[in-house]
Every structure is written in C-alpha cells, then in structure tokens.
Amino acid sequence: MHTTPIWVTRSSMPDFEEYIEEIKPLWESHFLTNMGAKHLELEQQLEGFLGVDDIALFTNGHNALECVFEAMGLTGKVITTPYSFASTTHAIVRKGLEPVFADIKPDDYTLDPAKIEELIDEDTCAIVPVHVYGNLCDVDAIEAIARTHGLKVIYDAAHAFGVKRGDVSAATFGDASMFSFHATKVFNTIEGGAVCFHNHELKPLLNQWKNFGITGTESVEYVGGNAKMNEFCAAMGICNLRHLDREIAKRKQVAERYWERLEGVPGVVLSKPQQGITPNYAYMPVVFEEQEFGATRDDVYAALMALDIHPRKYFYPLISDYECYANRFDSDQTPIAKHVADRVLTLPMYADLALEDVDWICDVVQGVRQ
Ligand SMILES: *Cc1c(COP(=O)(O)O)cnc(C)c1O
C-alpha cells in the first residue's frame, strides 16, 4: 500500500519545538523585520556555509534577482536561457532589460557557451545563466566570454544551493549568484532568497534597493521596492541549515534508487551528476525520447497522475513560448531547449520520499512502455 497523493516535492521542516525555541527571542525584542538579529545571524551562517565573500538576504529569489539587476545599474540586452522557471526572464523584462535567448547544452541543459558570442552586440550588458536542476553551468567558458566583452554575469543559482565544484561553492561564480529559499527548494526559509557577490560595495546598494531606496533617515536615493526577509523566515533558515547535510544525504539515496531503477531503460535519459561536482539532488528530471521509449512524456505523466502521483513538466513550456511573450521570441531558434522541454518530466524528489515509493513510481514509468 502506498500513501497518496505523492507530490513532486515536500518541504523540509525542523521539529516544531526547535523552531519555537528559535523564534522565542522575538517575543522579547519585538523586532520582527528590517534586518534584525535572526536576519544577521542567518547571513553570517550562510556566508560560512557557502564560502562566499558577501551575501544579502531577500523576501524571495525573484526579488533578489530584480534587486541585483537594479543595484548593478544594468541597461540594454541580457543573454539568458529559455529553459528555466518564469522568474529568470520575468526579472529581466520587469527591470526594463531585453532578454536574448541562447540555446542549452543537450547533456546538462545549462546555457551553451558556444551559442552566446554570436548573440552579443553593443547593447548587451550581461549574461544570466541558470544552474538548472543544480547542474553547474560551464562557468569557465562563460567567464571568458564575459571578460572578453566586458559583460556582467549573474547566475540564477536557485537550484544550486550546496552544489560544489571540487571545494568551491557554486555561489562563488560570476559577479553575483541568486539563490531561492522557497519552500520547495533544497534549503528553505519558507519564502526567501539571497544574492552572493564579491564586490563589497554592492552590499549597501542591495540593502537600500530592498528597502524602498532609503539611504538615510532623511534621504531616499533610489526608486526601490520592499524585499526584506523577516525574522520568522530567517529563524526557519537557521533551523533548516542545521539539518541540511542530512536532508541532502537522504535525497542522495532517493536519487540513486531512481538511477538504479531507470538506468538503461531505452529512451529514458537521466541527468546524472557532472564530473567533479558535488550535487544537491534537487530534482529528478527524466527526458523521454518517444522513439526508443515507445511512449511520450505525456503518456508517462498521465499514467502517474491517474495514480495520484504528481510529477511536473518542469520546464514546459519554454519561457519563449509563454502567452505573455507571444510574438516576441521564436523558440525554433533554441531547438535543443525546445526538444528537452517537450520531453522532460521531473519525478517526485524529496528527502522523505520512501524508497518503496520510488520503486512504485519506476514500475509505473516502465509499465507505460508495454
Ligand atoms: C524558484 C526559482 C526562482 C524564484 O525563486 P523564488 O524564491 O520562488 O522567488 C528563480 N529561478 C529559478 C530557476 C527557480 O527555480
């Protein structure tokens, strides 16, 4: 017997008592937001955990991305990937920048550096690649292109919390990296996000942009928004960070069970950890090549949904095919991204997913072939 529904993910939470203990001081301080003690504490802990020079916390990853674009004063065109969550392109467009889509690599679905240079012109100001599913972008090639053309690189690292190349954290690449601490991510603060960066001069700017552009008690220098992480969210982060290594270890077991069961099934393309990378097992993307598999991604989706198992077509549709961007982009220009988006399914993946349930899901997937 299986307990359903099985959702694509399930938020990690500390013990109730642990969280209550963490928020108790707030009933003494009555300091609930505006960069209070918990906010500061979480920033310091994350700086250490991620091994970064500097970090700023936000209400969520999306606002973090918008604020870093503003703080850097970007204008013009931004080269990015259509194979991501809505947030990446929406942040670019909402800040008055023009997205230019480059195709992805067929092996790890990250932005293909070989497709970037031909899209650069005098209006290009930045590259915004995404470490999709926690797969690290080709950061060296992207860095070299950015240096040659004088472009900023801001990584959407929403999926890459805890990912490392050798001993080096994914948070250290480019000029800045955005993380999402949304409830569904590997590390969560309920809602939350951060920007990691090297240039310390960005810190006051980011803090001002996330607080209405206020620069002093009697001065407001920027048309900023409100994107400050509150103390209750920061406290959740402090608790969750204590258990993160164990959560990732449990995810590893789930991932390995999937790979064991699905490896070698004709037409099933798995996204295994890259060479030299410590993964975080954030997602379980599977691409179904209908010719070899004998059924489509949508057939698999329907079979799982019929049993109250809820995978996600993540990422489908491509951002360049969204209704809100109708007639602005041509997704045929990024054929690999289109191919993957039409065939990908992310299967349920979270630390507490029972291995018997993974077996069941894999049985259902295999059964679709017959
Ligand atoms: C979750 C996510 C975001 C947005 O983060 P929020 O914290 O939900 O605002 C941005 N980009 C990607 C790739 C994401 O998965």
Side-chain angles (χ1 to χ4, degrees), residues 7-12 42 46 55-70 78 80-95 97 99 101-102 104 108-111 126-137 153-163 170-171 173-174 176-196 206 209-210 225-230 232-234 236-237 240 251 271 279-285 311-320 322 337 340-341 344 346 349-350:
W7 301 108
V8 71
T9 188
R10 188 167 186 266
S11 298
S12 296
L42 182 60
L46 287 174
I55 189 170
L57 300 182
F58 290 86
T59 42
N60 56 56
H62 181 81
N63 280 334
L65 201 51
E66 288 198 7
C67 277
V68 72
F69 293 164
E70 285 176 314
V78 174
T80 188
T81 167
Y83 192 72
S84 183
F85 182 57
S87 172
T88 319
T89 299
H90 281 6
I92 293 167
V93 173
R94 286 168 57 82
K95 289 301 112 187
L97 299 156
F101 292 118
I104 58 172
D108 59 19
Y109 317 132
T110 64
L111 197 60
I127 307 172
V128 177
V130 181
H131 300 307
V132 192
Y133 307 128
N135 292 339
L136 204 72
C137 295
V153 180
I154 301 108
Y155 283 102
D156 179 335
H159 294 180
F161 192 87
V163 172
F173 298 110
S177 294
M178 174 278 274
F179 288 90
S180 165
F181 306 148
H182 183 256
T184 56
K185 303 301 207 270
V186 168
F187 167 72
N188 86 78
T189 62
I190 309 171
E191 290 263 9
V195 176
C196 299
L206 288 168
W209 275 103
K210 73 180 174 195
N226 182 2
K228 307 180 297 290
M229 180 182 284
N230 70 60
F232 289 82
C233 289
M236 188 65 147
N240 278 334
R251 283 175 174 275
S271 188
N280 64 358
Y281 309 97
Y283 299 91
M284 185 48 59
R312 286 285 308 275
K313 297 179 192 178
Y314 198 58
F315 300 105
Y316 173 85
L318 282 187
I319 296 174
S320 41
Y322 286 180
V340 176
V344 74
T346 51
M349 165 50 98
Y350 47 90

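Indexing begins at 1, ligand by ligand and atom by atom, following the structure's order.
Residue-level proximity to ligand 1 for Asn60 is carried by backbone and side chain together, each with a heavy atom below 4.0 angstrom. At a 4.0 Å heavy-atom cut-off, ligand 1 does not touch Glu191 at all.
When only interatomic distances are considered, the shortest N/O to N/O separation between Gly61 and ligand 1 falls below 3.5 Å. The N/O atoms of Asn63, backbone and side chain alike, include none that comes under 3.5 Å of an N/O atom in ligand 1. At under 3.5 Å, a nitrogen or oxygen of Ser180, whether backbone or side chain, sits near a nitrogen or oxygen of ligand 1. Polar contact with ligand 1: present for His62 (N/O pair, distance under 3.5 Å).
The side-chain hydrogen bond (donor to acceptor under 3.5 Å, both in side chains) search around Asp108 returns Lys105, Thr110, Gln274, not counting sequence neighbours.
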Steps toward side-chain contact (heavy atoms from CB on, under 4.5 Å) verdict (Tyr316, Leu318): CA-CA 5 Å; Tyr316 173 85; Leu318 282 187; over 6 Å; no

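In the model, Asn230 has no side-chain atom that pairs as donor or acceptor with a side-chain atom of Lys228 under 3.5 Å.
The ring of Phe315 has its center no closer than 6.0 angstrom to the ring center of Phe85. For an aromatic pair to be called close, the ring centres must be under 6.0 Å apart, and Tyr83 with Phe101 fails this.
A heavy-atom separation below 4.0 Å is found between Gly192 and ligand 1. A heavy-atom separation below 4.0 Å is found between Tyr314 and ligand 1. The closest approach between any non-hydrogen atom of Ser84 and ligand 1 is below 4.0 Å. At least one heavy atom of Met178 sits less than 4.0 Å from an atom of ligand 1.
Each of Arg94, His182, Glu66, His62 was scored for a side-chain hydrogen bond (donor to acceptor under 3.5 Å, both in side chains) with Ser87, with one residue passing: His62.
With respect to atom 15 (O) of ligand 1, the closest heavy atom belonging to the protein is His159 NE2, 2.8 Å. Residue, atom and distance of the protein heavy atom nearest to atom 11 (N) of ligand 1 are Asp156 OD2, 2.7 Å.
Closest of all the heavy-atom pairs between Ser12 and Asn188 is O-ND2, 2.9 Å.
Checking His90, Lys185, His131 against atom 2 (C) of ligand 1, the nearest heavy atom belongs to Lys185.
Side-chain atoms of Leu111 and Ile127, non-hydrogen and from C-beta on, do get closer than 4.5 Å to each other.
The aromatic rings of Tyr133 and Tyr109 lie perpendicular to each other, with more than 60° between the two planes, well past the 30° mark.
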